[in-house]
Amino acid sequence: MNTFGQLLRLTTFGESHGPAIGGVLDGMPSGLKIDFDAVSAMMARRRPNSSAASTSRREADEPEFLSGIFNGVTTGTPIAFVIKNTDMRSADYSAISQAFRPCHADYTYEVKYGPHRDYRGGGRASARETAVRVVAGALAMQALRSYGVEVSAHVGSIGPLGADRKNEWAGFIERVRSAGDTVGGTVECEITGLPAGVGEPLFGKLQACLAAAMMSIPAAKGFEYGMGFEGSTMLGSEAMDRFNSDFTTATNHSGGIQGGISNGMPVTMRVAFKPVATLMRELPTVDREGRPVTIPPRGRHDVCVVPRAVPVVEAMAALVALDAILLNRSTRL
């Protein structure tokens with residue numbers, strides 16, 4: 001399944017070490033003047049940097065728009081774009097052409113598709129594909145602003161260190177990198193300005209769409225909104241969101257969603273990301289015949305994907321929010 005969304009649909013294509021990746025965003029409203037600098041700025045936030053957490057792969061990540069935008073304004077037709085891959089080192093992956101990396105998609109892709117997988121950099125399963133989502137999400141965020149809706153996200157934790165120990169994150173990541181290991185964390189996201197009444201029950205609940213979007217991001221392992229799992233430890237009287245006279249609520253344990261429909265309060269969510277599965281140390285595994293082999297520590301990988309995942313989470317939240325708004329408008333007289 002390479003297409004996401006209902007009225008606003010994003011189809012992505014390409015592999016990590018192919019000539020390019022790209023997408024087709026269909027359903028964008030016409031007449032939206034595109035701020036290309038804002039698209040580039042969001043892409044820059046996803047791009048690798050010089051921090052200890054990031055891969056050393058360097059890509060310009062400047063999308064080339066092929067259709068759907070004329071004189072800087074959306075036409076309402078499909079927006080097609082490509083992002084060229086320029087900094088590949090495919091030889092780094094020759095050792096896994098006949099073996100399966102633990103906790104990667106190598107084995108499952110081969111079982112599903114046969115022995116034709118593109119093993120270079122993880123191929124289609126690579127997080128490189130998320131660059132396409134960020135382009136589409138950057139466009140969706142601009143459309144959302146015309147409705148008064150904003151999407152923002154930030155790192156919530158790195159490994160065991162929460163926001164209260166943010167000043168320790170960089171040092172902790174550096175120690176993990178020096179040990180040839182990796183670490184995960186969480187991203188917190190908020191959608192503000194979303195009016196009440198957005199969401200499609202019963203099987204198109206807003207939180208269900210957000211969960212599907214977030215869990216489609218590589219390395220995502222958990223999703224919660226509002227009070228999330230903490231709510232299972234609370235009493236009903238503690239979790240209650242009491243109405244004010246203007247229909248806002250005194251608290252927001254519901255995370256801005258009730259009955260699968262937005263209630264006008266900020267929509268809040270958290271996404272958990274696992275440690276990167278590729279370690280800079282030898283890893284025991286098996287080859288195609290099930291024979292024990294060892295994979296050498298080669299390739300360029302993030303020590304922690306969480307900082308670079310922030311704009312990806314924003315992008316997916318924006319695509320869901322805009323799609324939900326368009327659906328809501330289509331069902332009302």
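A side-chain N or O of S216 and one of R133 form a donor-acceptor pair less than 3.5 Å apart. Inspection of the S40 and E62 side chains reveals an N or O donor paired with an N or O acceptor under 3.5 Å. In this model, no donor atom of one side chain and acceptor atom of the other lie less than 3.5 Å apart for S30 and T74.
Side chains of T182 and L279 form a contact here, defined as non-hydrogen atoms less than 4.5 Å apart. Considering only heavy atoms from C-beta on, R124 comes within 4.5 Å of N2 through its side chain.
In this structure E200 satisfies the salt bridge (charged side-chain N to carboxylate O under 4.0 Å, His left out) test with no other residue, sequence neighbours excluded.
Within 6.0 Å of atom OH in Y107, 12 or fewer heavy atoms from other residues, nucleotides or ligands are found, so the atom counts as exposed in its surroundings. The number of heavy-atom neighbours closer than 6.0 Å to CZ of F36, taken from other residues, nucleotides and ligands shown, is above 12.
Closest approach of A140 and L319 over heavy atoms only: CB-CD2, 3.9 Å. The nearest pair of heavy atoms linking V134 to M43 is CG1-SD, 3.6 Å. For the residue pair L194 and S262, the shortest heavy atom distance occurs at CD2-CB, 3.8 Å. Closest of all the heavy-atom pairs between E190 and P266 is OE2-CB, 3.7 Å. Shown here for L139 and L25, the closest heavy-atom pair between the two residues is CD1-CD2, 4.1 Å.
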Per-pair distances, 0.1 Å, donor-acceptor, side chain in residues 217-231, under 3.5 Å, sequence neighbours excluded:
residue : atom : partner : partner atom : Å
E224    : OE1  : F229    : N            : 2.9
E224    : OE2  : R270    : NE           : 2.8
Y225    : OH   : Q207    : NE2          : 3.4

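When V306, T186, D164 are each tested for a side chain to side chain contact (heavy atoms under 4.5 Å, CB included) with S157, only one passes: T186. Applying salt bridge (charged side-chain N to carboxylate O under 4.0 Å, His left out) to D61 and the options R46, R47, K84 leaves one that passes, R46. Tested against D241, the residues T251, T248, T249 include a single side-chain hydrogen bond (donor to acceptor under 3.5 Å, both in side chains) partner, T251.
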